[in-house]
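Below is one structure, written out as structure tokens; the observations come after it.
In what follows, chains carry the letters A, B, and so on, assigned in the order in which the sequence lines appear, proteins first and then strands, with residues in each chain numbered from 1. The shown structure was predicted, so the numbers you read here are calculated from the model rather than taken from an experiment.
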There are 2 protein chains.
Amino acid sequence: MDIFTALSDPVRRQLIEALWQRGPLSIKQLGEGLPISRQAITKHLNMLVKAKLVNARYCGKERIHELNPKPMEKVALWLQPFAEQWDDRLSRLKTYLGEQHEQD
Amino acid sequence: MDIFTALSDPVRRQLIEALWQRGPLSIKQLGEGLPISRQAITKHLNMLVKAKLVNARYCGKERIHELNPKPMEKVALWLQPFAEQWDDRLSRLKTYLGEQHEQD
DNA sequence: ACCTTATGCAACCAATTGGTTGCATGTCAA
DNA sequence: TTGACATGCAACCAATTGGTTGCATAAGGT
């Protein structure tokens, strides 16, 4: 699944935030706060796994999910050119940083 | 419409890129390269307008569309915390910049 | 006035999404 | 081994999405 689509649902973003703040979690744990069924959570998690945003491994009867934020980089890079228009200073530094990176 | 959803479709991202690179354009002009009907383009543009990403004004019989990248800031800000994991140096500078910003 | 052009509006369609429920299965603890 | 618990799988459903077509309308040029 496309990373942009993966991030387009508020529930999925919430799951990502939970994994970010609280570390690896099971399906049960991830669903605890949410007002939707376990199966709905599972579906969202499966999409996140397909998008490579989340790694799932089995630990006994539990499926443990770990966040892998790397694919989000693609979104950040797509956003970058437009950023010039909302914060010039930030954009200049990003550009500077980009040049430094080329010189490595 | 939610900004994340607005950005989740590849055609809409293409429209945004076209407006970014070529400036204000009509529906006709925006559809010229694309393999879909004018009405499909119109629908996408209407969604972008709802998401405040695009301003539309009438100029005679043409509807002219202009890009407003500001709402994308929200996405960039959501992405920011996770960025630490894919580029430490960039993240440190972003953090530094954030602090500078606070001191203004 | 007439024709062309750019657009709007509405109906329609197939596929996908986000959710549900019911039931089956594998793991762990008593 | 029995029962509780975490999960998987499948069917089902309503709403939305991304697309189409046909027709109406308003603006401009000749």
For M1(A), the rest of its hydrophobic cluster, which grows through side-chain links under 4.5 angstrom = M47(A)
With a cutoff of under 4.5 Å between side-chain heavy atoms, which Ile, Leu, Val, Met, Phe, Trp and Tyr residues group with Y58(B)?
-> none
Output all residues satisfying side chain to side chain contact (heavy atoms under 4.5 Å, CB included) with [X], sequence neighbours left out; order by chain, then residue number.
{"X": "T42(B)", "result": "I27(B), R38(B), N46(B), R63(B)"}
{"X": "Q14(B)", "result": "L34(B)"}
{"X": "V75(B)", "result": "V75(A), L79(A), I3(B), F4(B), L7(B), L79(B)"}
{"X": "K61(A)", "result": "none"}

Close approaches to DNA chain D from residues 6-22 of chain A, in residue order (heavy atom, under 4.0 Å) |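 Residues of residues 6-22 of chain A under 4.0 Å from DNA chain D: none.
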Which residues, if any, of residues 42-53 of chain A bring a heavy atom under 4.0 Å of DNA chain D?
-> T42(A)
dG8(D) OP1/OP2 closer than 4.0 Å to side-chain N/O of Y58(A) |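 It does, given that an N or O in the side chain of Y58(A) lies less than 4.0 Å from OP1 or OP2 of dG8(D).
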Establish, with yes or no, whether the OP1 or OP2 oxygen of dA6(D) is under 4.0 angstrom from a side-chain nitrogen or oxygen of K28(A).
-> yes
Any donor-acceptor pair under 3.5 Å from H65(A) side chain to L25(A) backbone | yes
Is a side-chain N or O of E62(B) found less than 3.5 angstrom from the main chain of C59(B), in a donor-acceptor match?
-> no
DNA chain C: 5'-proximal contact among G60(A) and R63(B) (nearest heavy atom) =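 The 5'-side residue here is R63(B).
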Of T5(A) and Q39(B), whose nearest nucleotide on DNA chain C comes first from the 5' end?
->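 Counting from the 5' end, the first nearest nucleotide belongs to Q39(B).
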Residues which pass side-chain hydrogen bond (donor to acceptor under 3.5 Å, both in side chains) with [X], listed by chain and number, not counting sequence neighbours:
{"X": "E32(B)", "result": "none"}
{"X": "T5(A)", "result": "D2(A)"}
{"X": "E66(B)", "result": "R57(B)"}

Rounded to the nearest Å, what distance is computed from the CD1 atom of residue I27(A) to the P atom of nucleotide dT7(D)?
-> 5 Å
Most 5' of M1(B) and S26(A) on DNA chain D, judged by nearest nucleotide |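 Result of the comparison: S26(A).
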Provide the start and end nucleotides, 5' to 3', of the part of DNA chain C that has atoms under 4.0 Å from heavy atoms of chain B.
-> dT5(C) to dC9(C)
